[in-house]
2 protein chains.
Amino acid sequence: MPRMFVPGPVDVDDEVLQAQAQPMVPHRSKEFETLFRRVSEKAQQLFYTQYRVFLTASSGTGLQEAAIRNLVDRKVLSCSNGAFADRWYEVAVSNGKEAEKLAFEWDQPVDPDRVAAAVKAGGFEVLTIVHNETSTGMQNPVKEVAEAVHAAAPDTLILVDAVSSLGGAKIEMDAWGLDMVLTSSQKAIALPPGLALGAVSDRALEKAEMVGNRGWYFDLVRMEKHRLKDSSPATPAMSLIFALDLQLDRILDEGLENRFARHSAMAHRVQEWAEAHDLSVYAPEGYRSQTVTTIKNERGIDVSKLNAFLKERGMRIANGYGPLKNITFRIAHMGEIQMSDIDMLLEAMEEYLNQ
Amino acid sequence: MPRMFVPGPVDVDDEVLQAQAQPMVPHRSKEFETLFRRVSEKAQQLFYTQYRVFLTASSGTGLQEAAIRNLVDRKVLSCSNGAFADRWYEVAVSNGKEAEKLAFEWDQPVDPDRVAAAVKAGGFEVLTIVHNETSTGMQNPVKEVAEAVHAAAPDTLILVDAVSSLGGAKIEMDAWGLDMVLTSSQKAIALPPGLALGAVSDRALEKAEMVGNRGWYFDLVRMEKHRLKDSSPATPAMSLIFALDLQLDRILDEGLENRFARHSAMAHRVQEWAEAHDLSVYAPEGYRSQTVTTIKNERGIDVSKLNAFLKERGMRIANGYGPLKNITFRIAHMGEIQMSDIDMLLEAMEEYLNQ
């Protein structure tokens, strides 16, 4: 089956697409409440958490906003080494918070030592960090950063954007001591967009209760009150939750470790192919994403022409993001993509390069 | 076909449910941008507006929050005669605005004269009003209220929640001089929940540019910048937009006037049935919703038992909302429901009452 090798919205399995088409039920009903609880409980496994997982009718950015409005009275430290890290910083600023950017080069991972020094100095209520930068294919060392923060400033909450990795790479929320981990439906979970999932620790929720001006739509305290009744404050994105119910079964049937290994193997295959073709990987060794690989366009490939060639074969890849457009391109290997799909893509790319 | 006679999520046509199951496409692509523009343009007809219609991945409450955060620096006047009017007031308060409630009895419509007096006195930047109260089955006289506000305080923006009526009753945004009209997908438009539609006037958008702390996710100014490129700031709820594309064709094929007449005829039929069975309608004559009828439970019907009886026949109605539970019940007649469905329901209800 031809595929989109773009980092979201990704291809969705036919049966999962079809699960959306189930008839509606009233959302304030036993039927739906049972489903809502079942889905939330299964979702906890993806986050490796005993804490609650909220489902919101929004994109992942909606939960970036929820994190800021609920968990920050005043001061945020935002790790920045990519476009979505910067978006979270902008979300903080546009919500009137005092946000400080801890900037790294885009081709360098977040450095735990620099984070430790910054949080020690600063009195920051939260740290924001992106686990997997969709723009650069960087996987930041969230576990090591969390350890550093716990040692340097134990009261600082650790908020993680795992939009393009959760479900494709292992993120152990509880073991790593993370306070909020958020993702959206249309990346490694391989659902259509429009649904976001956010796991929130007890101490984060306690903090939220003390923060003013949380708003209504993304108020975590309000969500928790409803969650305890297997419900949500606003009408939920029902058809996407139907699909999530099935997709979580499919993910858990594959086995989380198997799923992560599949993503990792595809990442390595793409990295090796690039290097064998005089193209280097943007992110340094040890920090490379398991779900999307950003390749430096050192051969000056016309990415539009390459994509036109691929599209004739039912495939497409993604150009570089923002300032990295044309000087990089991206191959996503997440969700439903299998090694055989990657082989098919790389063969076609080889054919294009040999023209 | 058996039906849910509940005021949302409503039954969705099979073909429309199926439209959700189309394969994903990248959202930053010509294919999707063309669809996004086409849908927005068709949606303008539902609002009777030349202004832009934004589509957000959220419930209708998300756009209540958008309205408050974008169009109010300080002072809101909230008309209150039902649960969803009160929700909008709460949204304003929880976003740190100075909100004043102009309260009416729940069984009385908003009174244009009282609104005029209040806006004249108050220096309110916006007035919020619910067109069709899902909780009470009241249709407020939005046109007359808007006229009164224009005369008394022409700078006050008029914001209308039409969540359970838009697409089922005529709301002429431009002719009535409204500044923002919002709705959600799962009521009279008859789609699954998770998508909200908000039409915004030029003067409202100009106001938004002057308002601080608008946040990111619901920032109308940011949405407008993207809309001009047929896009949205955050990833859109793609499968729901696929379904909206088809559903707008179905709605426009039926003809808006025909659609409104169908809803109105069903409303009258339900009202007549109630009165013929010693049950009175909660909302006064002249202010009765075209999409949902709230009936006073003057015969002390056990609503749960009635619903259990109806469910055996593949139907269900809604109990009263909040404080009106059991002392009222609600019959929705919106979206895909036809007069023949209403006849089937009323026959079954008659059978129950005659037991």
Side-chain angles (χ1 to χ4, degrees), chain A residues 4 6 8-12 14 17-29 56-62 64-66 68-69 87 90-96 184 186 191-196 212-219 222 233-240 242-243 316 318, chain B residues 4 6 8-12 14 17-27 29 56-62 64-66 68-69 87 90-96 184 186 191-196 212-219 222 233-243 316 318:
Chain A
M4 295 200 292
V6 298
V10 302
D11 286 316
V12 178
D14 281 342
L17 282 174
Q18 207 54 51
Q20 295 177 97
Q22 292 170 67
M24 297 295 109
V25 294
H27 64 297
R28 311 278 184 219
S29 67
T56 55
S58 75
S59 78
T61 311
Q64 284 190 335
E65 186 148 303
I68 295 297
R69 292 198 77 181
R87 179 177 291 184
E90 280 166 31
V91 166
V93 171
S94 63
N95 281 287
S184 60
Q186 79 281 8
L191 289 173
L195 189 69
N213 192 26
R214 297 191 302 271
W216 201 103
Y217 193 69
F218 290 120
D219 179 0
R222 191 182 302 271
T235 312
M238 190 169 283
S239 47
L240 293 171
F242 289 154
R316 67 175 109 188
Chain B
M4 297 200 292
V6 299
V10 301
D11 287 315
V12 178
D14 282 340
L17 283 174
Q18 208 53 51
Q20 294 178 96
Q22 293 170 66
M24 297 296 109
V25 293
H27 64 298
S29 67
T56 55
S58 75
S59 78
T61 312
Q64 284 189 335
E65 186 147 302
I68 294 297
R69 291 198 78 183
R87 177 176 292 183
E90 281 166 30
V91 166
V93 170
S94 63
N95 280 290
S184 60
Q186 79 281 7
L191 288 175
L195 189 68
N213 192 28
R214 298 190 301 268
W216 200 104
Y217 193 70
F218 290 121
D219 179 0
R222 192 183 301 274
T235 312
M238 191 170 284
S239 47
L240 292 172
I241 292 175
F242 289 153
R316 67 175 109 189

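Below, chain A is the first sequence line, B the second, and so on; all start at residue 1. Scope of the values below: all heavy atoms of this structure, side chains included, with no hydrogens, waters or symmetry mates.
Judged by distance alone, with hydrogens and angles left aside, the side-chain atoms of Tyr217(A) form a donor-acceptor pair with the main-chain N or O of Ser59(B) at under 3.5 Å.
For the set Ser94(A), Ser184(A), Pro233(A), the entry with the most heavy-atom pairs within less than 4.5 Å of chain B is Ser94(A). Each of Arg316(A), Gln64(A), Gln22(A), Arg222(A) has some count of heavy-atom pairs under 4.5 Å with chain B, and the biggest count is that of Arg316(A). Of the listed residues (Ala318(B), Pro9(B), Gly60(B)), the one with the most heavy-atom contacts under 4.5 Å to chain A is Pro9(B). In terms of heavy-atom pairs under 4.5 Å with chain B, the best-connected choice from Pro26(A), Ala237(A), Ala92(A) is Pro26(A). Looking only at heavy-atom pairs under 4.5 Å with chain B, the residue among Gly62(A), Gly96(A), Gly194(A) that has the most is Gly62(A). Contacts with chain B were tallied for Gly215(A), Ala196(A), Pro236(A), Ala234(A); Gly215(A) has the most, counting heavy-atom pairs under 4.5 Å.
To the nearest 0.5 Å, the span separating CD on Gln186(A) from CE on Met238(B) amounts to 8.5 Å. Atom CH2 in Trp216(A) sits 11.5 Å away from atom CG in Asn95(B) (nearest 0.5 Å).
Using a cut-off of 4.0 Å between Lys/Arg side-chain N and Asp/Glu carboxylate O, Arg214(B) and Glu65(A) are scored as not salt-bridged.
Ring pair Phe218(A)/Phe218(B) is parallel by interplanar angle, where below 30° counts as parallel and above 60° as perpendicular.
Contacts of Val10(A) with chain B are made by backbone atoms alone, with heavy-atom separations under 4.5 Å and no side-chain atom involved. Proximity to chain B is limited to the side chain of Leu240(A), based on heavy atoms less than 4.5 angstrom apart.
Between Asn213(B) and Asn213(A) there is a side-chain heavy-atom pair separated by less than 4.5 Å.
Between Leu17(B) and the options Gln18(A), Gln20(A), Met24(A), a side-chain contact (heavy atoms from CB on, under 4.5 Å) holds for only Met24(A).
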